[in-house]
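None of the values given here were measured: they were computed from a predicted structure.
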Amino acid sequence: MHEALKRLQNGSHHDPFELLGYHETESGGALIRALLPHAEQVELDGIGEMERVEGSDLFELHSDTRFVPGHYTLKWQDKAAGNWHKTVSPYSFQPQVGELDMHWFGEGNHHHVWHFLGSRITTIDDVEGVQFAVWAPDVTRVSVVGDFNAWDGRRHPMRCRGGSGIWELFIPGLTAGDAYKYEILSRRNDVIIKADPYGRHMSNRPETTSLVPAEVAYEWQDHEWMSRRKTFDWQTAPMAVYEMHAGSWQRSEDGTFLNWRELAERLVPYVVELGYTHIELLPVSEHPLDASWGYQVSGYYAPTARFGTPDDFRFFVDAAHKAGIGILLDWVPAHFPKDDFALARFTGEPVYEHADPRRGEHRDWGTLIFDYGRNEVRNFLIANAVYWLEEFHLDGLRVDAVASMLYHDYSREDGDWLPNVHGGRENLEAIHFLQELNRVVLGRFPGAVTIAEESTSWPMVSRPVELGGLGFSMKWNMGWMNDSLSYIEEDPVYRKYNHNLLTFSQLYAFTENFVLPLSHDEVVHGKRSMVDKMPGDYWQKMANLRLFYAWQYGHPGKKLLFMGCEFAQWHEWSEEGEIDWGLNEIEAHAGIRRIVGDLNRLYCGEPAMHQRDFTEDGFRWIDCHDSEQSVLSFIRYAHDAAPIICVFNFTPVPRYDYRLGIPHAESYHEVLNSDSTHYGGTNTGNGGDIQVQDINWMGFEQSISVTLPPLGALFLRGT
């Protein structure tokens, strides 16, 4: 008893229930103990005063068991002010975490792990309070600390659940919004204080405390959307994605962030007006640093408090769904920051990360790498993906920095990486994790998508796991993006020498299910804004940008554009303020916004523009060899709808009587001309119907003669 009491008093006892709570004595009575370091005196409510064990903060009372309720109440007077307090003893409750839950978690297969890890309001034996549970393997003691116990780790030490590494405690009387953390006594006797890895609500930065989440009160109204999504065939359906950063799309008049409900009111109608099908949010999991844009996550299960409560976020998603807009989320399993309040060295030792920095650290980013081979860590991440789609009705995940996960030598010098068991550079554990992630997410949520940001030539990223692929729905086409931007940034006089930059993508366009991204990464860090990349004078910059967006929409693949690019944001994007909405008052910029909207409507409304985005039978070159005039032309096909002819003139020289071979039709007419005055152009083009001639051309029995506008694109449909 003396040694156990000493360890309990100094906060090093691994099992507080050995001493605390109710214990039957050999004589058939009861011994009730409570440790209250800040108490002057303690009473067992309705029974009598408890006696202090000499030289300690342990109080005990011997009683006949007939007089002790199952969950007894302690009354105690604090030393500081002499006030009296009353609480049901946490040490009168049995374990709450089930053996099967712990078993599945230990195997890495508990896809609803947040149901028992973290904190949650609950009622046990008619007593209201909060159940806490955390995974902290190989430590001496874990306590819940907060304002409710003066952040004293001796007050609420947790129950150890054996070799599972899980610690739990039910604390009566706590409510939603109570701040807490876990105090951990490491095996090296270091005291560490950590936010809850499974915390579902956190304080707004710069505070780093976890908050007890309120019970979900939101009543979803998107039943029609969710039902329809189950049969959503994303392979043949249009997907036009508006990528945005919630903190810098628009601000309040005083410069503060809009909350999710305000964003729903302003953003959703704007995106609908522009004709987009989806919004992709830069990461909204809790993160301490605004400048990280959310990519250095500290609270994986907590929507950031910057924009409101978790139910506010539900409202935003619901509003989008009711308006017919899907929500995708940037999700970051590739790395996490070194902040000492979060996952890094969670128990004083590496837990979520590899111990060896050659596998556990990203040198370039100053962040840590998850140990994908550890069951509990893999479970943490896969359950997190399920959490976002299930709890917030999200429609898919864009997985960040996949390339950094696949290779042990990613951005590393020789000698600074460790090979796999076969001596290769492939990260076998990460591959298995990604495959399992996609099996679970796409299996549980029909119609949802997973999209990989993968910048190398890793094969079969968007092919089924059963065929040896990684199992993603789609992959960002970084090659198309880099080549196309390199081409369009050239002065038109030199473009004929770089024609292959545009044609090369067709050599691999159907090896993956591609998204064509013009993302936030292309308009920061000195890369210049999209319009500022364009060569020439002001008019040519605008014309080039209209042409470039038309090229993106004509090319096979789903579409993505970052906020502000839709009206030719002139400056690089910064998270420190909102995008430059005033530019919409300038006609040339308004013209860019109008063509983006019309391109979206063309892409979504014409089956030929989207139905076969991922198959070779949806595309045919008319002429890919006219480098001398910097003209490209091709056809987009659908199964049962008219094809669309796409023609691009990448020089400022109009091309008159330009002949194109075409599929059979009675006539053709322009459905979109990027040089229309409606968009800020010169209106050079082909008004009315275009006569079809029985002249063989480029392998077609018929052809048409058209006028190609300067720095312009034409989309033609036959009738």
Side-chain angles (χ1 to χ4, degrees), residues 105-109 135-139 165 184 186-188 190 192 194 197 283 285 287 292 295-298 300 330-385 397 399-438 440 452-459 461 465 469-472:
F105 176 64
E107 285 187 335
N109 294 321
W135 178 59
D138 199 20
V139 298
I184 300 169
S186 77
R187 62 183 182 181
R188 302 176 189 271
D190 295 321
I192 300 150
K194 293 287 189 176
S285 302
H287 53 283
S292 80
Y295 287 97
Q296 295 200 11
V297 179
S298 56
Y300 273 78
D330 263 13
W331 186 64
V332 192
H335 62 124
F336 60 94
K338 296 180 179 179
D339 297 274
D340 58 8
F341 69 88
L343 297 181
R345 300 185 70 87
F346 186 72
T347 64
E349 306 290 337
V351 173
Y352 287 88
E353 70 272 38
H354 279 280
D356 193 320
R358 291 173 292 179
R359 287 221 176 150
E361 184 175 340
H362 275 306
R363 312 291 195 191
D364 289 351
W365 302 334
T367 54
L368 301 172
I369 301 172
F370 284 103
D371 183 353
Y372 305 107
R374 189 165 192 172
N375 288 349
E376 296 90 347
V377 174
R378 193 170 64 253
N379 200 139
F380 171 82
L381 290 169
I382 291 176
N384 185 249
L397 302 173
V399 182
D400 180 63
V402 169
S404 74
M405 301 168 66
L406 293 173
Y407 303 95
H408 285 308
D409 63 345
Y410 181 86
S411 193
R412 292 182 182 275
E413 302 291 336
D414 290 343
D416 193 32
W417 60 279
L418 296 175
N420 61 37
V421 293
H422 305 297
R425 58 198 285 251
E426 300 83 6
N427 188 333
L428 303 180
E429 293 83 5
I431 295 167
H432 172 66
F433 160 72
L434 291 170
Q435 290 174 326
E436 185 179 355
L437 166 74
N438 287 312
V440 170
E453 185 210 16
E454 202 287 307
S455 55
T456 74
S457 57
W458 187 279
V461 171
V465 173
L470 293 182
F472 285 94

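When side chains are defined from C-beta on, Y372 does not count as touching L437, because their heavy atoms never get closer than 4.5 Å. For the pair L343/S298, no side-chain contact is recorded, criterion being any heavy-atom separation below 4.5 Å from C-beta on. The shortest side-chain heavy-atom distance between L381 and F433 falls under the 4.5 Å cut-off. Between S404 and H362, some side-chain heavy-atom pair lies under the 4.5 Å cut-off.
Between R358 and D356, at least one side-chain nitrogen of the basic residue sits less than 4.0 Å from a carboxylate oxygen of the acidic one, meeting the salt-bridge criterion.
To the nearest 0.5 Å, atom CG of residue D330 and atom CD of residue E453 are 8.0 Å apart. Residue M405 holds its CE atom at 12.0 Å from OH of Y410, rounded to the nearest 0.5 Å. Rounded to the nearest 0.5 Å, atoms CG (L368) and CZ (R359) are 15.5 Å apart. In this structure, the separation between NE2 on H432 and CG on L428 is 11.0 Å, given to the nearest 0.5 Å.
Between the H335 side chain and the P333 main chain, no donor and acceptor come within less than 3.5 Å of each other. Judged purely by atom type and a 3.5 angstrom limit, N379 uses its side chain to pair as donor or acceptor with the backbone of N109. With hydrogens and angles disregarded, a donor-acceptor distance shorter than 3.5 Å links the side chain of Y300 to the backbone of V332. With hydrogens and angles disregarded, a donor-acceptor distance shorter than 3.5 Å links the side chain of E353 to the backbone of R345. A donor-acceptor pair is defined here as one N or O able to donate and one able to accept, closer than 3.5 Å; such a pair exists between the side chain of N420 and the backbone of G423.
For W135 and Y352, the ring centers sit closer than 6.0 Å to each other. Centroid-to-centroid, the aromatic rings of F346 and F341 stay 6.0 Å apart or farther.
Residues S292 and H287 approach most closely at OG-CD2, 3.8 Å, considering heavy atoms. The shortest non-hydrogen separation linking P337 to D339 is CB-OD2, 3.0 Å. In this structure, L406 and L434 approach most closely via the heavy-atom pair CD2-CD1, 3.8 Å. Contact record, A334 with D400: CB-O, 3.8 Å, taken as the closest heavy-atom pair. When all heavy atoms are compared, the tightest approach of P137 to R374 is CG-NH2, 3.7 Å. The two residues G424 and W417 make their nearest non-hydrogen contact at O-CZ3, 4.0 Å.
Checked against side-chain contact (heavy atoms from CB on, under 4.5 Å), V461 has the following partners two or more places apart in sequence or in another chain: A452, E454, W458, L470, F472, K475, E512.
Between F370 and F336, the ring-plane angle classifies as tilted under the 30° and 60° cut-offs.
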Given the rule in the side-chain hydrogen bond (donor to acceptor under 3.5 Å, both in side chains) test, do T367 and Y295 qualify, once you have shown the distances and angles that lead to the verdict?
CA-CA 10 Å; T367 54; Y295 287 97; over 6 Å; no

For the pair D416 and R363, evaluate salt bridge (charged side-chain N to carboxylate O under 4.0 Å, His left out) and give the outcome as yes or no after the intermediate values.
CA-CA 10 Å; D416 193 32; R363 312 291 195 191; 2.7 Å; yes

Would you please test T347 and S186 for side chain to side chain contact (heavy atoms under 4.5 Å, CB included) and show each step?
CA-CA 6 Å; T347 64; S186 77; 5.7 Å; no

Where do E436 and I382 land on the side chain to side chain contact (heavy atoms under 4.5 Å, CB included) test, with the steps shown first?
CA-CA 8 Å; E436 185 179 355; I382 291 176; 3.5 Å; yes

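Among pairs with a residue in residues 418-435, those fulfilling salt bridge (charged side-chain N to carboxylate O under 4.0 Å, His left out) read D409-R425, at least two apart in sequence or across chains.
Each of K338, H354, R412 was compared with E361 under the side chain to side chain donor-acceptor pair (under 3.5 Å) criterion, and only K338 meets it.
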